[in-house]
Amino acid sequence: MTKYVFVTGGVTSSLGKGIIAASLAKLLQERNFKVTIQKLDPYINVDPGTLNPYEHGECYVTDDGAETDLDLGHYERFLNTPTSQENNITTGRIYQTVINKEREGAYLGKTVQVIPHITDEIKRRVQLLAENGDYDIVLTEIGGTVGDIESLPYLEAMRQMRQELGAENCLSVHLTLIPYLSAAKELKTKPTQHSVKELLQAGIQPDILVCRTEHPLTKDIKKKLALFCNVDSKSVIEAIDASTIYDVPLLMLKEKLDVRVLKKLKLKTSNKPDLSAWKEFLGRLKNPTHEVKIGLIGKYNELPDAYKSIYESFIHAGAENECTVKVVPIHSELLEVSEISEKLKGLDGILVAPGFGERGIAGKIKAVSYVREQGIPFFGICLGMQCAVVEYARSVLKLKGAASTEVKPNSKNPVIDLMADQKDISKKGGTMRLGSYKCQLSKGSIAYKAYGKQEITERHRHRYEFHNDYRKAFKNSGMVVTGINPDRDLVEIVEIPEHPFFLAVQFHPELKSTVEKPHPLFVAFVKAALNHKLSS
Ligand code: GLN
């Protein structure tokens, strides 16, 4: 029978519930349990695909084409197993399902209410994941902070599941903050007491408290928390600030979070978690022999979460190369009005980021021009690739007015154009080319060498693509297509063989980089940046 672990957060947001959930799942996975993690988000959007990155950070895309919360990226990076549609549910989706059912007449004669209809749908979604995946343990992270109006139905669904299945099958882990008051030189437990009170009001007694803190928790503090919050003191877990999120599984191991969880779930395990591969990764991460500086040209740089997976992919690829990757965020709009050589000085490589809309495009194109001419390693992702194509069309092919029709709908030379099957789509939610598609690589290309094989699959999220009518002209003047989607003959990768490292991809490699499997293209790009640095 599948066991359930709910992770809630109290006191404040941004405590890192996703990282704690992913770390716990990692420890359980390494004890040979089959685990998955799900995120319940309390907002009304059906998915975060329609949210501005400034609002919610990056939109993470799964293999099956779900546009999801960025926490799913952490789950995949830690567990090295893919997530799916079912791993991210929003209040919008729950209500949409219930309202559609109501229209179909599924509740004829009944008043449709939050309890039981909405809570039943929440419970169904949590349990469906378990059924479909044959999991031993499903971890469910409830977004938001306990006490928020929006998350009440989730807490109620969790309370009902605990009542129906018993606490030994449905555990409550509560993550809180223990603030340090420097004037008093004291760690304070009161906010946690209040947060637990909120949970109790929703009918939930937490089984385990995970306490974020800047300073170690003394025995006395743990005892106090245990007494006031009605948990045993062994179940008060310290989560001290770490220098990297990748330390957290080891910190949780030391604090025996996994042991407490298994004990409370009455699950037996003989072996210890095998974290040797993880430790090797950390060893490489923390003992680099080199450092490279990569410029990240984007327009959402104020919020690093907007490029979360790119940052993490550089951490993985850096460790693989035993090289620290310093990512320097550069606002593309700033490049439009400044001296480019000044702004890009001292960088060993440039990545032009994904994005939407016209704002910042000119700066991105200017950056591509500069690195192409200067022989600086370049990596373009999605919009970054489209900018590289436009730049080449203008500067090398001398195509007048060459542009993406996303920016210039009546362009004379639409080298990037709306995909054929997008032309009749007017609805915005979930309608892009989304999810995993095959790509065939050309032998001898940078991509082929990096992957070491000819057929790959990568995830997509876009509406525009390389216009196939221009393929020959590009090839004849030095920019070649090295990856195509075999089913629809779509251009997925372009390269300039004459350049030391010029690679641009229509898909999102950053969504598939994990600790265990750093993404080959990021690894190759970091290596190229390092070679560039060492040779110049
Ligand atoms: N705006 C571009 C498109 O829709 C690129 C999207 C992206 O970078 N994810 O094709």
Side-chain angles (χ1 to χ4, degrees), residues 47-63 65-68 70 73 296-301 303 305-311 313 332-333 350-365 367-368 378-391 393 402-409 411 414-437 439 458-468 470 483 485 488 490-494 503-513 519 521:
D47 61 46
T50 51
L51 283 170
N52 189 314
Y54 286 126
E55 291 266 330
H56 200 68
E58 159 191 279
C59 175
Y60 189 79
V61 180
T62 58
D63 278 333
E67 296 180 283
T68 71
L70 57 77
L296 170 60
I297 320 278
K299 66 172 174 184
Y300 310 113
N301 299 39
L303 187 75
D305 270 3
Y307 301 115
K308 191 81 207 163
S309 294
I310 292 179
Y311 279 96
S313 300
S332 49
E333 279 174 300
I350 292 287
L351 186 147
V352 176
F356 293 84
E358 187 179 0
R359 188 170 65 85
I361 292 266
K364 288 184 172 172
I365 291 178
V368 178
F378 167 76
F379 192 12
I381 296 182
C382 207
L383 181 66
M385 173 220 177
Q386 298 175 355
C387 289
V389 168
V390 170
E391 192 279 326
S404 160
T405 51
E406 181 178 11
V407 177
K408 214 169 155 197
S411 164
V415 287
I416 301 291
D417 197 13
L418 197 60
M419 307 179 80
D421 54 6
Q422 287 283 328
K423 298 211 160 139
D424 296 324
I425 291 175
S426 57
K427 283 193 180 165
K428 293 288 181 223
T431 55
M432 284 188 245
R433 180 176 181 232
L434 291 166
S436 191
Y437 288 94
C439 174
E458 289 287 355
R459 298 182 194 172
H460 297 68
R461 183 173 188 249
H462 63 118
R463 294 186 200 280
Y464 295 80
E465 62 167 335
F466 186 103
H467 198 313
N468 271 336
Y470 293 93
N485 171 269
R488 289 176 52 198
L490 302 177
V491 172
E492 305 281 30
I493 310 178
V494 296
L503 170 75
V505 297
Q506 183 56 76
F507 49 79
H508 291 268
E510 74 276 21
L511 303 178
K512 281 180 75 169
S513 186
H519 197 285
L521 296 185

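Atoms within a ligand are numbered from 1 in the order they appear, just like the ligands themselves. Worth knowing before you read on, the calculation uses all heavy atoms, side chains too, and leaves out hydrogens, waters and symmetry mates.
- Residue His508 has at least one heavy-atom neighbour below 4.0 Å for each of these atoms of ligand 1: 9 (N).
- Using a 4.5 Å heavy-atom cutoff, the side chains of Tyr470 and Pro414 are in contact.
- Rounding to the nearest 0.5 angstrom, the gap separating the OG atom in Ser313 from the CD1 atom in Ile381 is 7.5 Å.
- Not a single heavy atom of Met419 sits closer than 4.0 Å to an atom of ligand 1.
- Residues Phe356 and Leu383 form no side-chain contact, since every pair of their non-hydrogen atoms from C-beta on lies 4.5 Å or further apart.
- The distance from atom CG of Leu351 to atom OH of Tyr307, rounded to the nearest 0.5 Å, is 10.0 Å.
- Among protein heavy atoms, atom 10 (O) of ligand 1 sits closest to Tyr464 N, 2.9 Å.
- Glu406 OE1, 3.3 Å is the protein heavy atom nearest to atom 2 (C) of ligand 1.
- Residue contacts with ligand 1, taken as heavy atom pairs separated by less than 4.0 Å, do not involve Glu465 at all.
- The protein heavy-atom contact nearest to atom 7 (C) of ligand 1 is Cys382 SG, 2.9 Å.
- A salt bridge between Arg461 and Glu67 is present, with a side-chain N of the basic residue lying under 4.0 Å from a carboxylate O of the acidic one.
- Contact annotation for Arg461 and ligand 1: only backbone heavy atoms (N, CA, C, O) come within less than 4.0 Å of the ligand.
- At least one N or O atom of Leu383 sits closer than 3.5 Å to an N or O atom of ligand 1.
- For the pair Gln506 and ligand 1, the shortest N or O to N or O distance does not fall below 3.5 Å.
- Of all protein heavy atoms, the one closest to atom 5 (C) of ligand 1 is Gly355 O, 3.3 Å.
- Here the heavy atom of the protein found nearest to atom 4 (O) of ligand 1 is Arg463 N, 3.0 Å.
- Using cut-offs of 30° and 60° on the angle between ring planes, the pair Tyr54 and Tyr300 is perpendicular.
- Neither the backbone nor the side chain of Met432 has any atom closer than 4.0 Å to an atom of ligand 1 (non-hydrogen atoms only).
- Taking a cutoff of 4.0 Å between a charged side-chain nitrogen and a carboxylate oxygen, Glu333 and Arg359 qualify as a salt bridge.
- Between Glu406 and His462 there is no side-chain heavy-atom pair separated by less than 4.5 Å.
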